[in-house]
Student: 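I have a structure I would like to understand better, so I am pasting it below and will then ask my questions one at a time.
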Amino acid sequence: MSTHSLGAVGLPTATARAAGAVGAPAATAHPAEAATLWRPSAPCTPQTCVDVTGPARALPLAVLRIAAVLFLLVIGIALSPFSGGISAELIRRWCRWVVRAAGVRVRINGGAAPDGGLLLVANHVSWLDIPLLAAVRPARMLAKSEIRQWPVAGWLTARSGALFIDRDRIRALPETVGLIAGALRAGEAVAVFPEGSTWCGRAQGHFRRAAFQAALDADVPVQPVRLHYRTTQGTPSTAAAFVGEDSLLTSVWRVVRARELVAEVEIQEPIAPGSRTDRRSLARAAEASALFGARQIQAPGPHRTAPFPAPGVVRAAPVADAGQSS
């Protein structure tokens with residue numbers, strides 16, 4: 001299981017199905033066949049991309065970590081009816097506490113995100129990306145419409161102010177862009193993962209353009225954010241990746257077992273409204289700022305390379321000690 005989106009859905013969903021296939025999971029199809037406008041797919045899998053080498057946290061402590069995350073989530077649920085009276089700073093701190101409760105250190109580099117209407121965009125690696133992006137600035141997410149019917153999760157997602165989209169209706173795209181633009185004009189922030197699917201972190205996809213039209217229509221800035229996971233020694237890590245057929249529980253357990261895991265959040269320079277005249281150039285500018293540009297990854301183990309669509313150079317993130325940490 002991975003987190004797929006129309007450039008924004010950051011919630012767990014079943015793996016995409018190949019176009020034209022009825023009941024056939026995309027895991028049986030080539031990644032290029034599985035990807036569609038609404039259900040983009042990445043070739044990353046836990047077997048080829050996720051490296052869990054390194055010291056592991058003791059089982060009792062890992063269980064306590066999960067309990068701590070659940071405790072913070074329960075507090076968030078209890079306070080959700082009063083969210084209008086809770087400051088953005090407290091929400092940001094709560095999001096960082098959730099990540100820290102999972103045993104992941106948080107380091108935020110860069111200036112503060114602009115106030116007012118803002119399209120917040122980032123690369124997509126893990127379920128941790130959602131609280132990390134909210135730690136930069138609380139924002140509304142774009143979620144698939146099926147989540148409305150999910151027990152508990154559907155209610156929570158709706159309560160969070162998420163914007164819902166029917167991914168099976170391509171004609172709904174203009175309406176969705178209009179909803180995003182309306183929220184932006186109202187001075188809200190909308191968070192988007194324009195790659196449309198989670199990648200392992202050592203390689204990335206391309207930013208899809210639809211959501212950027214909303215920023216143009218609303219005449220608001222775009223805030224690129226670069227998310228990166230590494231060890232305390234500075235080595236890039238894929239332990240936090242939530243890709244392929246991963247279940248959420250499997251991914252959460254892998255994270256709480258991993259020691260010395262650091263989440264780095266790099267707030268890039270915002271792209272001012274009017275600096276780009278079309279969504280293609282705006283998406284490319286945001287992609288150049290938020291992505292590392294990697295297109296190929298040598299998977300853990302000898303002679304195993306994930307089948308990325310094009311070769312390239314893997315460029316690891318610099319290890320920065322400046323900024324906020326927790």
Side-chain angles (χ1 to χ4, degrees), residues 3-11 13 16 19 35-42 113-124 129-130 133-134 136-148 157 160-199 204-227 267-291 293:
T3 52
H4 297 279
S5 64
L6 171 64
V9 179
L11 295 171
T13 178
T36 68
L37 174 65
W38 297 97
R39 301 176 184 270
S41 177
D115 295 325
L118 181 71
L119 186 67
L120 199 63
V121 299
N123 59 309
H124 204 8
D129 299 346
I130 300 170
L133 208 53
V136 172
R137 180 177 166 184
R140 300 177 69 176
M141 299 295 299
L142 182 62
K144 62 178 186 174
S145 58
E146 303 94 291
I147 292 178
R148 286 183 183 269
T157 305
S160 72
L163 300 170
F164 289 96
I165 179 171
D166 186 346
R167 301 186 305 163
D168 293 323
R169 292 177 55 240
I170 191 170
R171 292 182 179 179
L173 182 58
E175 179 183 353
T176 302
V177 172
L179 288 174
I180 298 172
L184 296 174
R185 291 191 188 98
E188 297 179 293
V190 177
V192 177
F193 294 114
E195 289 171 290
S197 181
T198 48
W199 291 67
Q204 296 89 34
H206 287 293
F207 276 10
R208 293 169 182 263
R209 302 187 294 269
F212 292 94
Q213 184 62 50
L216 291 173
D217 293 344
D219 195 32
V220 300
V222 173
Q223 175 63 73
V225 177
R226 182 181 294 176
L227 303 174
I267 306 173
Q268 308 291 72
E269 286 294 321
I271 303 173
S275 61
R276 300 295 189 279
T277 58
D278 62 271
R279 63 176 180 265
R280 180 187 296 271
S281 61
L282 183 57
R284 286 180 176 174
E287 179 180 307
S289 183
L291 300 188

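Position 1 is the first residue of the sequence; numbering continues from there.
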Student: Report the distance from atom CG of Asp129 to atom OG1 of Thr198, rounding to the nearest 0.5 Å.
Tutor: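 That separation rounds to 8.5 Å.
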Student: Sequence neighbours left out, cut at 3.5 Å: what donor-acceptor pairs do the side chains of residues 213-222 make with other protein atoms?
Tutor:
from: Gln213; atom 1: OE1; to: Arg279; atom 2: NH1; distance (Å): 3.0
from: Gln213; atom 1: NE2; to: Asp217; atom 2: OD1; distance (Å): 2.8

Student: Got a second to check how far His124's NE2 is from Trp199's CH2, nearest 0.5 Å?
Tutor: 13.0 Å
Student: Where do Glu195 and Gly205 come nearest, in terms of heavy atoms and distance?
Tutor: OE2-N, 2.8 Å
Student: Any side-chain heavy atom of Val225 within less than 4.5 Å of one from Leu133?
Tutor: yes
Student: For Leu118 and Leu184: C-alpha separation, side-chain torsions, deciding distance, then whether side chain to side chain contact (heavy atoms under 4.5 Å, CB included) applies.
Tutor: CA-CA 6 Å; Leu118 181 71; Leu184 296 174; 5.5 Å; no
Student: What pairs meet the side-chain hydrogen bond (donor to acceptor under 3.5 Å, both in side chains) rule with one or both residues in residues 177-189, with sequence neighbours excluded?
Tutor: Arg140-Glu188
Student: Give me the atom names and distance for the closest heavy-atom approach of Ala283 to Arg209.
Tutor: CB-CG, 3.9 Å
Student: Should His206 and Glu287 count as side-chain neighbours, where that means a heavy-atom distance under 4.5 Å?
Tutor: yes
Student: Out of curiosity, Asn123 CG to Arg226 CZ, how far, rounded to the nearest 0.5 Å?
Tutor: 8.0 Å
Student: Please tell me if the side chains of Val121 and Gln223 come closer than 4.5 Å, counting only heavy atoms from C-beta onward.
Tutor: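 A side-chain contact under 4.5 Å is absent here.
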Student: Might you point out which heavy atoms bring Arg137 and Gly187 nearest each other, and give the distance in Å?
Tutor: NH2-O, 3.5 Å
Student: List the atom of Ala122, the atom of Leu227, and the distance in Å for their closest heavy-atom pair.
Tutor: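 The pair with the smallest heavy-atom distance is CB-CD1, 4.1 Å.
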Student: Does Leu120 reach the side chain of Val192, with side-chain heavy atoms less than 4.5 Å apart?
Tutor: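 A side-chain contact under 4.5 Å is absent here.
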Student: Please report the shortest heavy-atom distance between Phe207 and Ala290, naming the atom on each side.
Tutor: CZ-CB, 3.8 Å
Student: Would you give the length of the straight line joining atom CD1 of Ile180 to atom CD of Glu175, rounded to the nearest 0.5 angstrom?
Tutor: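 Reported value, rounded in 0.5 Å steps: 11.0 Å.
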Student: Between Asp278 and Phe212, is any pair of side-chain heavy atoms under 4.5 Å apart?
Tutor: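 The answer is no, as the side chains (C-beta and beyond) never meet within the 4.5 Å cut-off.
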Student: Which value, rounded to the nearest 0.5 Å, describes the distance between Ser289 atom OG and Glu269 atom CD?
Tutor: 8.5 Å
Student: Looking at OG of Ser197 and CZ of Arg208, how far apart are the two atoms once the value is rounded to the nearest 0.5 Å?
Tutor: 9.0 Å
Student: Looking only at non-hydrogen atoms, find the nearest pair between Pro224 and Pro270 and report the distance.
Tutor: CD-CA, 4.2 Å
